[in-house]
Amino acid sequence: MIYGIGTDICDVRRIRASLERHGDRFAEKVLSDAELLTWHARSARWPERGVRYLATRFSAKEAFSKAIGLGMHMPMTWRACEVGTLSSGQPVIVLHGALKEWFDARGLTAHLSVTDETDYAASFCVVEKLAPGA
Ligand SMILES: CC(C)(COP(=O)(O)OP(=O)(O)OC[C@H]1O[C@@H](n2cnc3c(N)ncnc32)[C@H](O)[C@@H]1OP(=O)(O)O)[C@@H](O)C(=O)NCCC(=O)NCCS
């Protein structure tokens with residue numbers, strides 16, 4: 001059954017401004033270690049790709065935080081919620097630490113979709129509660 005849904009729209013210009021103001025510290029606050037590696041690689045090739053990567057991750061994490069009903073409150077933290085990518089290109093939620101324990105204890109699973117256009121990134125997340133024994 002559906003446990004929760006979450007959506008978020010993120011202004012890419014706001015993310016760009018935060019990166020200009022705070023530099024890497026902003027990315028380090030929002031991204032997990034694995035995401036930071038990808039962000040550094042994309043930014044090195046073309047800074048705008050780094051901005052867009054960060055914006056889609058930012059919106060995905062906010063959408064997930066709404067789908068689980070916690071918002072950005074413990075155990076939900078930016079860095080404990082990672083957005084991975086399957087070989088097909090599909091984004092997937094990968095959790096760490098206390099957030100993973102909280103999520104697994106409830107028998108939850110997440111589905112994520114992200115998109116971006118010139119000035120906006122948006123995400124939609126559905127969290128499902130698995131039936132016992134499923
Ligand atoms: C929900 C949350 C994750 C995002 O809020 P936001 O980005 O300020 O605002 P958004 O417009 O994207 O979302 C707000 C809506 O989320 C929904 N929402 C609020 N708390 C929620 C919760 N616990 N679960 C699900 N949805 C929630 C509400 O519908 C709210 O709209 P309302 O205020 O009109 O009722 C917020 O609770 C939060 O914790 N934000 C932290 C953001 C932050 O740390 N920013 C710093 C950037 S480094």
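Atoms within a ligand are numbered from 1 in the order they appear, just like the ligands themselves.
Within a 4.0 Å radius of atom 34 (O) of ligand 1, the protein contributes no non-hydrogen atoms. For atom 16 (O) of ligand 1, the nearest protein heavy atom lies under 4.0 Å away. In this structure, atom 1 (C) of ligand 1 has a protein heavy-atom contact shorter than 4.0 Å. Closer than 4.0 Å to atom 29 (O) of ligand 1 lies none of the heavy atoms of the protein. Protein heavy atoms are found less than 4.0 angstrom from atom 4 (C) of ligand 1. In this structure, atom 26 (N) of ligand 1 is in close contact with the protein, since a protein heavy atom lies within 4.0 Å of it. Atom 22 (C) of ligand 1 is approached by the protein to below 4.0 angstrom, counting heavy atoms only. In this structure, atom 13 (O) of ligand 1 has protein heavy atoms in its sub-4.0 angstrom surroundings.
When each of D24, L54, L37, T38 is paired with L31, the side chain to side chain contact (heavy atoms under 4.5 Å, CB included) condition holds for L54 and for no other. Each of R42, K29, K61, R79 was scored for a salt bridge (charged side-chain N to carboxylate O under 4.0 Å, His left out) with E35, with one residue passing: K61.
Of all the atoms in ligand 1, the ones that sit under 4.0 Å from a non-hydrogen atom of D8 are 12 (O). Every atom of ligand 1 with a heavy atom of S65 under 4.0 Å away is listed here by number and element: 3 (C). Of all atoms in ligand 1, listed by their number and element, those nearer than 4.0 Å to a heavy atom of K29 are 48 (S).
Here the protein heavy atom with the shortest distance to atom 45 (N) of ligand 1 is W78 CZ2, 4.2 Å. Looking at atom 37 (O) of ligand 1, its nearest protein heavy atom turns out to be G71 CA, 3.8 Å.
Ring-plane geometry between W102 and Y3 is classed as perpendicular, the angle between the planes exceeding 60 degrees on a 0 to 90 degree scale with a lower cut at 30.
In this structure, F64 is not a member of the same hydrophobic cluster as I5, with clusters built from ILVMFWY side-chain heavy atoms closer than 4.5 Å. The hydrophobic cluster containing V114 also contains L36, counting ILVMFWY residues as joined when their side-chain heavy atoms lie under 4.5 angstrom apart, directly or transitively. Taking hydrophobic clusters as Ile, Leu, Val, Met, Phe, Trp and Tyr residues chained together by side-chain heavy-atom distances below 4.5 Å, L112 shares a cluster with W78. In the hydrophobic clustering of this structure, V94 groups with L86; members are Ile, Leu, Val, Met, Phe, Trp, Tyr whose side-chain heavy atoms approach within less than 4.5 Å, directly or through other members.
Among H22, M72, K66, H73, the residue whose heavy atom sits closest to atom 41 (C) of ligand 1 is M72. When the heavy atoms of K61, M76, E62 are ranked by distance to atom 6 (P) of ligand 1, first place goes to E62.
Looking at ligand 1, you won't find any N or O of V30 less than 3.5 Å from one of its N or O atoms.
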Residues R52, E48; criterion salt bridge (charged side-chain N to carboxylate O under 4.0 Å, His left out); working and verdict:
CA-CA 6 Å; R52 310 196 76 75; E48 186 58 22; 3.2 Å; yes
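Atom CZ of F58 and atom CG of D11 lie 11.0 Å apart (nearest 0.5 Å). Taking CD of E128 as the reference point, atom CG of L108 lies at 9.5 Å (rounded to 0.5 Å).
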